[in-house]
Each structure stands twice: as C-alpha cells, then as structure tokens.
Amino acid sequence: MSTQDPVADMLTRIRNAQAVGDIKVKMPSSTLKAAILEVLQSEGYIDSFQAIANEGKKDLEVALKYYQGKPVIDKIKRVSRPGLRIYRRSTELPTVLAGMGIAIVSTSKGVMTERAARAQNLGGEVLCTVE
C-alpha cells in the first residue's frame, strides 16, 4: 500500500496505537522516519525503536512510552506536508507549549528539535510538533 505522505502515516500510527493502549507499533521504514524517531527517543517521548527485516523489506518497530497509564505524547501533529511545505528561518521557528513541547525540524545538518536548530542558527522545514 503506497501512501502520499509517509511521515503523516507514521504519526497517525503512533497516535492510533496510543489511543488503544498498544505498547508497540510497526510501520514501513525510511531514513526520514528513523531520524524523526531518533529525535523523539532522545527527547523522551518514546522508549525505543528498531529496524526489523520483514520478508526483504525493512520495518520500524516503535516501543511507545506511558506514564501512570497515560501516553507521554499528548498531541503529535504534522505541520509541513507534501501539498504545502512549511520552511522557517532560525528566528521564526515555532515554540511549542512555551518550551514544554518540541517542533521537529529538517535542516541542512539533519533532523533536530527547534531548540537545537535555533542554537546552531539553522532554519529548515518544520516537520511536526509534539506536545
């Protein structure tokens, strides 16, 4: 099954799995998805993720994180999409929940949080926000 927006598909799978209380979720693998999951893991929003070979194709298996029975990720929203790309300068990067959430940005130096991009004076495509 092909999707028009694989990143939005990944975010929706995470959102749906947390809505029903699943511990793990699988999705097709890509370099961009792995980079986004790396940022989510380093910021403490997911436990872990790993690439799994499945019949010649790679899948990503994400271990979701819960705190006192509730998902750690309250909201996860796609910002830039294939039909409308959102690029911002380092001074214009969004601040999510007054610094309590993160925005994930794709820059020329890789995928990182908006705080790291601002510290390095980098702008880029705002992929998603996490609260």
Side-chain angles (χ1 to χ4, degrees):
M1 180 176 161
S2 73
T3 60
Q4 296 296 319
D5 189 2
V7 174
D9 178 60
M10 175 186 74
L11 300 178
T12 301
R13 286 176 190 238
I14 291 172
R15 202 178 307 119
N16 289 343
Q18 286 188 326
V20 296
D22 285 347
I23 298 169
K24 292 187 177 185
V25 62
K26 284 186 181 179
M27 63 198 70
S29 179
S30 78
T31 309
L32 180 60
K33 288 179 188 178
I36 292 170
L37 291 173
E38 184 70 38
V39 171
L40 289 175
Q41 183 179 3
S42 67
E43 291 292 318
Y45 287 103
I46 62 172
D47 272 335
S48 63
F49 73 96
Q50 61 182 347
I52 299 172
N54 185 15
E55 299 174 8
K57 296 181 181 180
K58 281 191 175 179
D59 284 343
L60 289 170
E61 185 176 78
V62 181
L64 301 174
K65 195 172 190 179
Y66 294 88
Y67 179 73
Q68 295 181 349
K70 293 184 179 179
V72 173
I73 298 174
D74 189 35
K75 292 181 185 176
I76 188 164
K77 183 181 174 190
R78 181 81 155 119
V79 177
S80 184
R81 51 192 174 90
L84 180 62
R85 299 288 185 185
I86 306 294
Y87 297 96
R88 295 288 181 251
R89 293 187 174 112
S90 63
T91 57
E92 299 170 344
L93 290 173
T95 303
V96 182
L97 280 179
M100 296 299 291
I102 62 167
I104 300 177
V105 183
S106 176
T107 68
S108 58
K109 305 280 184 185
V111 178
M112 60 185 74
T113 65
E114 91 284 351
R115 277 181 249 127
R118 223 179 272 120
Q120 297 180 27
N121 200 22
L122 293 171
E125 181 181 359
V126 182
L127 298 174
C128 62
T129 59
V130 184
E131 298 176 12

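Keep in mind that what you see is a predicted model, and the values were worked out from it rather than measured.
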Roughly how far apart are [X] [atom1] and [Y] [atom2], rounded to 0.5 Å?
{"X": "Glu114", "Y": "Leu122", "atom1": "CD", "atom2": "CG", "value": "13.0 Å"}
{"X": "Ile102", "Y": "Leu97", "atom1": "CD1", "atom2": "CG", "value": "11.5 Å"}
{"X": "Met112", "Y": "Thr107", "atom1": "CE", "atom2": "OG1", "value": "3.5 Å"}
{"X": "Glu131", "Y": "Thr129", "atom1": "CD", "atom2": "OG1", "value": "6.0 Å"}
{"X": "Gln18", "Y": "Leu64", "atom1": "CD", "atom2": "CG", "value": "5.0 Å"}
{"X": "Asn16", "Y": "Asp22", "atom1": "CG", "atom2": "CG", "value": "9.5 Å"}

Are [Y] and [X] co-members of a hydrophobic cluster defined by side-chain heavy atoms under 4.5 Å apart?
{"X": "Val72", "Y": "Ile36", "value": "yes"}
{"X": "Ile23", "Y": "Ile73", "value": "no"}
{"X": "Leu11", "Y": "Leu60", "value": "yes"}
{"X": "Met100", "Y": "Val39", "value": "no"}

Worksheet item: Which pair of heavy atoms, one from Asp5 and one from Pro82, lies closest together, and at what distance?
Response: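 Distance-wise, the nearest heavy atoms are OD2-CD, 3.4 Å.
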Discussion item. If you apply the rule side-chain contact (heavy atoms from CB on, under 4.5 Å), what do you find for Val25 with Met27, and how did you get there?
Written reply: CA-CA 7 Å; Val25 62; Met27 63 198 70; 4.0 Å; yes
Discussion item. Between Val96 and Val130, does the side-chain contact (heavy atoms from CB on, under 4.5 Å) criterion hold? Intermediate values first, please.
Written reply: CA-CA 8 Å; Val96 182; Val130 184; over 6 Å; no
Worksheet item: Considering only heavy atoms from C-beta outward, does the side chain of Val126 approach that of Pro94 to under 4.5 Å?
Response: yes
Worksheet item: Under 3.5 Å, is there a donor-acceptor pair between the side chain of Lys24 and the main chain of Glu61?
Response: no
Worksheet item: Side chain of Arg78, backbone of Leu127: donor and acceptor closer than 3.5 Å?
Response: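 Yes: the side chain of Arg78 pairs with the backbone of Leu127.
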